[in-house]
Amino acid sequence: MKWQGRRQSDNVEDRRGISGGKAVIGGGIIGIIILLVNVFGGENAQMITPVLEQLQGGQNQQTETAAPLSKEDEEMGNFVRVILADNEDIWSKIFAEHGMTYEKPKLVLFKGSVQTACGGASSASGPFYCPGDRKVYMDLAFFEELKNKFGAKGGDFAIAYVIAHEIGHHIQTLLGTSAKMRQEQQGKSEAQANKLSVALELQADFYAGVWAHYNQENLDTGDIEEALSAANAVGDDAIQSKMQGHVVPDSFTHGSSEQRMYWFNKGFKTGDIKQGTTFEEIR
């Protein structure tokens with residue numbers, strides 16, 4: 001992706017040199033479960049993570065760290081600032097076209113652990129959006145996990161896609177979609193509630209595609225393939241097949257690999273936020 005020399009957002013909080021608190025040592029199967037539960041920002045997952053982290057027992061320790069950032073860390077921070085700036089510019093324009101004002105979220109970079117309005121989180125949580133403080137949280141080490149353990153191609157646009165997906169959850173908060181979904185989940189069976197969660201996640205994928213649609217002048221050959229590879233790797237069916245050897249569709253909370261790629265592609269091809277009708281099509 002063409003990003004060097006472009007505008008950087010002022011809304012990134014870089015806490016990577018001052019991360020402290022509960023740092024996960026080791027990880028094991030519970031750490032992997034935490035990663036899979038939280039991957040790509042399911043809001044409900046933040047309530048589950050602290051319980052799972054307690055099960056790690058001796059693998060956790062209290063620590064305070066303060067270390068200078070490497071040249072690579074600084075470069076990745078600059079890249080993230082450019083991607084966030086892209087999202088700010090594009091979504092401000094889209095909202096204005098629909099008579100609305102876009103409220104810019106913050107993006108927090110951290111290493112090891114972080115405290116949020118949604119509770120504490122570790123690197124194993126994966127990237128997520130917290131509606132309580134309207135911030136996106138990311139430990140960039142996640143992307144090595146995505147590539148090495150789950151078969152994604154990697155590359156800078158895979159990171160850009162994940163950021164855009166999390167911003168998609170912010171869009172849903174601003175539009176009231178997330179709150180409405182949680183209300184609809186009340187009184188539903190687990191399978192029905194899961195379908196609503198899937199619709200929310202797929203719509204965030206769609207919004208990521210919309211962002212990419214309006215950012216095509218900055219894309220390199222292969223960028224969209226990187227995004228689709230990441231979407232494929234974190235489909236519920238792909239994860240369940242890898243982790244447990246079989247697939248249980250009623251337990252899906254984020255959508256299948258095919259669904260995730262389809263909705264990102266639809267957003268990318270149409271660029272029309274009105275086409276993100278996941279709730280109508282997933283029921």
Side-chain angles (χ1 to χ4, degrees), residues 1-3 6-9 11-12 38-43 76-95 102-109 126-131 134-140 142-143 146 152-175 177-178 200-220 222-235 254-255 259-273 275-276 278:
M1 184 178 179
K2 303 176 183 69
W3 66 272
R6 296 173 51 214
R7 184 178 85 82
Q8 297 183 15
S9 173
N11 290 310
V12 173
N38 286 285
V39 72
F40 279 33
E43 294 177 3
M76 286 304 303
N78 290 334
F79 171 72
V80 168
R81 290 182 180 90
V82 170
I83 301 305
L84 186 60
D86 278 347
N87 277 272
E88 291 171 347
D89 294 342
I90 288 169
W91 285 110
S92 292
K93 182 176 182 293
I94 292 174
F95 268 54
Y102 179 65
E103 176 189 326
K104 299 175 183 178
K106 299 282 188 179
L107 190 153
V108 179
L109 293 174
F128 64 93
Y129 172 73
C130 173
R134 300 193 175 187
K135 294 181 180 181
V136 173
Y137 292 86
M138 299 181 67
D139 185 330
L140 293 172
F142 164 79
F143 296 98
L146 192 64
K153 287 184 177 180
D156 58 8
F157 201 74
I159 299 174
Y161 157 58
V162 174
I163 293 173
H165 173 97
E166 301 307 334
I167 297 299
H169 285 303
H170 178 63
I171 300 300
Q172 292 167 328
T173 295
L174 296 180
L175 297 178
T177 309
S178 299
L200 192 77
E201 294 297 329
L202 295 180
Q203 190 180 67
D205 281 331
F206 171 82
Y207 288 148
V210 170
W211 165 78
H213 172 88
Y214 287 101
N215 203 30
Q216 293 186 56
E217 64 183 19
N218 296 311
L219 301 188
D220 289 327
D223 280 347
I224 297 302
E225 286 73 18
E226 289 178 8
L228 291 173
S229 177
N232 180 71
V234 294
H254 286 66
Q259 287 174 315
R260 300 200 72 161
M261 291 188 292
Y262 170 82
W263 283 103
F264 173 84
N265 248 331
K266 185 173 182 179
F268 177 64
K269 291 177 179 178
T270 68
D272 180 5
I273 61 172
Q275 298 296 314
T278 57

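Remember, it's a predicted structure, so these values are computed and weren't measured experimentally.
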Partners meeting ring-ring contact (aromatic ring centres under 6.0 Å, His included) with F206 (sequence neighbours left out): none
With side-chain contact (heavy atoms from CB on, under 4.5 Å) as the test, would you mind laying out the steps for Q8 and N78 before giving the verdict? CA-CA 7 Å; Q8 297 183 15; N78 290 334; 3.4 Å; yes
Tell me, please, which residues at least two apart from F95 pass ring-ring contact (aromatic ring centres under 6.0 Å, His included). Y102
Report the C-alpha separation of H165 and V234 in whole Å, then their side-chain angles, then the decisive distance to 0.1 Å, and conclude whether the side-chain contact (heavy atoms from CB on, under 4.5 Å) test is met. CA-CA 12 Å; H165 173 97; V234 294; over 6 Å; no
Taken in chain and number order and not counting sequence neighbours, the residues that satisfy ring-ring contact (aromatic ring centres under 6.0 Å, His included) with F79 are W3
Indicate whether the side chain of T270 and that of Q275 have a donor and an acceptor atom separated by less than 3.5 Å. no
Please evaluate residues Y207 and Q172 with respect to the criterion side-chain contact (heavy atoms from CB on, under 4.5 Å), reporting the C-alpha separation (whole Å), side-chain torsions for both, the decisive distance (0.1 Å), and the verdict. CA-CA 9 Å; Y207 288 148; Q172 292 167 328; 3.9 Å; yes
Checking side-chain polar atoms at under 3.5 Å, does H170 have a donor or acceptor matched by the opposite partner on E103? no
Pair V136-I163, side-chain contact (heavy atoms from CB on, under 4.5 Å): steps then yes or no: CA-CA 8 Å; V136 173; I163 293 173; 5.8 Å; no
For E226 against D156, the heavy-atom pair lying closest together: OE1-N, 3.6 Å
Looking only at atom types and distance, does a side-chain atom of K135 sit under 3.5 Å from a main-chain N or O of Y129, one as donor and one as acceptor? no
For H169 and E166, does a side-chain donor sit closer than 3.5 Å to a side-chain acceptor? no
